[in-house]
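One structure below.
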Amino acid sequence: MDSETNNQSIVPKKEPNDFIFGRVLGEGSFSTVYLAKDIQTSKEFAIKVCEKRHILREKKQQYVKREKEVLMLLSKHAKTSAPFFVRLFCTFQDHSSLYFVLTRATNGDLLTYLQKAEKFEEEVAQFYTAELVHAVEHMHLLGVIHRDLKPENILLDTHRHILITDFGSAKIIPQPPFLPETENSDGTARRSSFVGTAQYVSPEILTDKRSSPASDLWAIGCILYQMLDGNPPFQARSEYAIFQKILKLEFQYPSLFPSVAQDFISKLLVIDSKERLGAQDFGGYPSIKNHRFFESIDFDTLYLKTPPWPTKCRDVAELASEVSDPSEFLNTEPGLSGQQLSKLLGLQLNDEPSEQSRNSAPTPSKDALTSTSSANNVLSQPMKKGLINFPVNEQQLQARLLQQQETQSQWHNLVDKKLILKQGLIDKRKGLFSRRRMFLLTTGPNLYYVDPSSMVLKGQVPFGLTLKAEPKNFKNFHIHTPGRTYYLEDPEGFALEWCKALEEVRKHYYD
Ligand code: ATP
């Protein structure tokens, strides 16, 4: 067990058994974040659990290493007067996973808050932008460029102050800070791969792949615009089209957009990064803080203030409690062993069929073959010997079901005339975007996916001995194949059923 101590107040030598793990707070592309309670102090944290196998498979070692480095640096230099970052209390590991013990953000993220409010009044936007500027100033003084600032990465603490998170794309720049990173010592331009999120990425990252602290200032401009308008300034149907708009600085202020905010944003959304407000400052951002937009803000006492409520949220204005509802902790035993994990995710992978499935129809009906619901299909029926262990006259039964499928299922011709064992609409995530696909698990075995609007077969998840379906929660699951991991979300919440079915089929054919 390896444990870090990056600050005197950091708890040394922790391990999973020092915590009771509660509900899943969220999921990243290679991590699951759990609510957790320290059994000694009863203090609550968010513990991010990254599976080592998954990190290696996705080649995300650098990403995780960077996130840890930056979190340690920021936690070591945390300011009690402006603790605007998620704090890393300790890290540890066991044979399968890495654990990051973090401040728990009890009030969700800024994007969700903003969506609830639709948009913020100027006073609210001004307050959150001021916190953001203060936090970014501190971060830049420590030599950290975030490079993926966006409302989703700004969490809110119990009192709705900001907690910046997600440092996987961050960069630690050589001192002295505040000098744009333009060249290496040998005079060659430093280049890095594209990082960040399309809507908030700055033009210099798109053109010469160079980031500087001013790239975060651009993102602040985009976030403020979004707070006041409800949508980010650069929007289009594809990433490419968004990039074109950014490079042409193609955006408009709607009428009635507050004029002082407009002036401030226009000084941040400047193509030449050196010309952005603050880019020439040294040792802080006085030129930003002195802009008229912040006239009524005292940066030194921001954290002592109660953040203003957006009008739309005033009637539901209640603060999340510092301590969670006990029902958020299904487990009473510490640790995150297989058994505890199953409980948290509601998994009973090796159990008898549930009461519900025991009561379902014994033979496939028309609905079973045509429904889009993941629950209704051949595989949802109780088959004690295994989901696709057809009875003795298997061939005959299959032939009969196939006949039925041919006349009743719109998907029949897309699956090479194989018998559909399970089907359902699944959101398949690739990069930034998700696409809804009809997934069809068939004999063979094959797992096809089809664009349901054009009825075009888009591809197959390659089935094989090593295919592994990994449930993450009721909706999300991953399918690991030797060459690729598929990130999937069943909007109807049948992720567990999908994983069971895939495992049954894999076993039937390969074990
Ligand atoms: P990716 O790994 O793809 O960049 P991400 O940054 O959202 O995604 P994580 O940092 O693993 O991934 O977070 C996953 C989700 O967990 C977040 O979207 C958020 O909902 C929740 N979460 C993360 N950190 C905390 C926290 N400190 N407190 C409360 N919830 C959190």
Side-chain angles (χ1 to χ4, degrees), residues 19 21-38 43-52 54-55 57-68 70-71 74-75 78 83-91 97-116 135 146-170 193-198 200-201 319-325 328-329 344-345 427-434 472-473 475-476 478 485-489:
F19 298 92
F21 285 79
R23 70 178 176 89
V24 173
L25 294 174
E27 244 214 295
S29 35
F30 50 88
S31 58
T32 305
V33 180
Y34 296 90
L35 168 64
K37 197 188 306 187
D38 184 319
K43 265 196 88 174
E44 288 181 6
F45 297 96
I47 301 192
K48 180 164 170 163
V49 183
C50 310
E51 226 189 296
K52 289 180 189 172
H54 196 170
I55 295 169
R57 194 185 301 118
E58 297 291 305
K59 301 190 174 60
K60 291 285 182 188
Q61 294 94 314
Q62 267 312 103
Y63 186 96
V64 176
K65 196 169 150 234
R66 181 65 41 81
E67 178 151 45
K68 181 176 157 186
V70 172
L71 279 167
L74 291 171
S75 302
F84 296 139
F85 301 92
V86 160
R87 185 153 174 203
L88 178 68
F89 291 90
C90 65
T91 61
S97 307
L98 303 174
Y99 298 77
F100 289 65
V101 181
L102 304 163
T103 322
R104 183 195 172 193
T106 43
N107 270 304
D109 62 54
L110 192 69
L111 181 66
T112 313
Y113 192 32
L114 182 56
Q115 281 169 342
K116 245 182 238 162
H146 188 286
R147 304 201 295 180
D148 196 14
L149 282 176
K150 56 182 173 180
E152 283 149 281
N153 286 339
I154 302 170
L155 305 179
L156 299 170
D157 73 8
T158 322
H159 302 283
R160 287 176 299 114
H161 289 285
I162 65 163
L163 292 168
I164 298 180
T165 188
D166 199 357
F167 295 92
S169 307
S193 52
F194 166 69
V195 289
T197 304
Y200 309 88
V201 75
L319 290 177
S321 162
E322 199 101 36
V323 181
S324 302
D325 180 335
E328 295 196 88
F329 287 95
L344 293 180
L345 301 180
D427 293 327
K428 176 169 163 287
R429 178 151 63 92
K430 197 169 179 196
L432 290 167
F433 300 103
S434 252
K472 288 292 186 175
N473 50 45
K475 285 191 170 177
N476 296 85
H478 298 171
T485 294
Y486 294 79
Y487 301 100
L488 306 170
E489 179 175 340

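The first residue in the sequence is number 1, and the count goes up from there. Start at 1 and go down the list; that is how both ligands and their atoms are numbered.
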Q) Any N or O of Tyr63 that comes nearer than 3.5 Å to an N or O of ligand 1? A) yes
Q | Shortest protein heavy-atom distance from atom 20 (O) of ligand 1, along with the residue and atom involved | A | Leu25 O, 3.8 Å
(Q) Looking at Thr165, is its backbone amide N or carbonyl O close enough to the side chain of Asn153 to form a donor-acceptor pair, meaning the two atoms are under 3.5 Å apart? (A) no
Q.
With a 3.5 Å distance limit and no angle check, can you tell me whether Asp166 reaches the backbone of Asp148 through a side-chain donor-acceptor pair?
A. no
Q. For ligand 1, which atoms, with element, lie under 4.0 Å from some heavy atom of Leu155?
A. 24 (N), 25 (C), 26 (C), 27 (N)
(Q) Before we go on, tell me: are the rings of His146 and Phe167 under 6.0 Å apart, centre to centre? (A) yes
Q | Shortest protein heavy-atom distance from atom 3 (O) of ligand 1, along with the residue and atom involved | A | Ser29 OG, 2.7 Å
(Q) Under the ring-ring contact (aromatic ring centres under 6.0 Å, His included) test against Phe45, which residue among Tyr34, Phe89, Phe21 passes? (A) Phe89
Q.
Below 30° counts as parallel, above 60° as perpendicular, anything between as tilted: where do the rings of His54 and Tyr487 land?
A. parallel
Q: Pick, from Leu102, Val86, Thr103, the option with the minimum heavy-atom distance to atom 27 (N) of ligand 1.
A: Thr103
Q) Of all the atoms in ligand 1, which lie at a distance below 4.0 Å from a heavy atom belonging to Gly26? A) 14 (C), 15 (C), 16 (O), 21 (C)
Q.
For atom 28 (N) of ligand 1, which of the options Ala105, Ser31, Gly28 provides the nearest non-hydrogen atom?
A. Ala105
(Q) Minimum heavy-atom separation for Lys48 and Ser31, please, with both atom names. (A) CE-OG, 3.5 Å
Q. Looking at Ala46, which atoms of ligand 1 are within less than 4.0 Å of one of its heavy atoms?
A. 26 (C), 27 (N), 28 (N)
Q | Protein contact of atom 6 (O) of ligand 1 - nearest heavy atom, named by residue and atom, plus distance | A | Asp166 OD2, 2.9 Å
Q: Might you check, step by step, whether the distance between atom 16 (O) of ligand 1 and some protein heavy atom is under 4.0 Å?
A: yes
(Q) Tell me the nearest of Lys48, Glu27, Arg104 to atom 10 (O) of ligand 1, using heavy-atom distances. (A) Lys48
Q. Atom 31 (C) of ligand 1: which of Leu88, Val33, Val49 has the nearest heavy atom?
A. Val33
Q. Passes side-chain contact (heavy atoms from CB on, under 4.5 Å), Ser169 versus Tyr63? Steps please.
A. CA-CA 7 Å; Ser169 307; Tyr63 186 96; 4.2 Å; yes
Q: Measure from the side-chain N and O atoms of Asp38 to the backbone N and O of Phe19, and report whether any donor-acceptor pair falls under 3.5 Å.
A: no
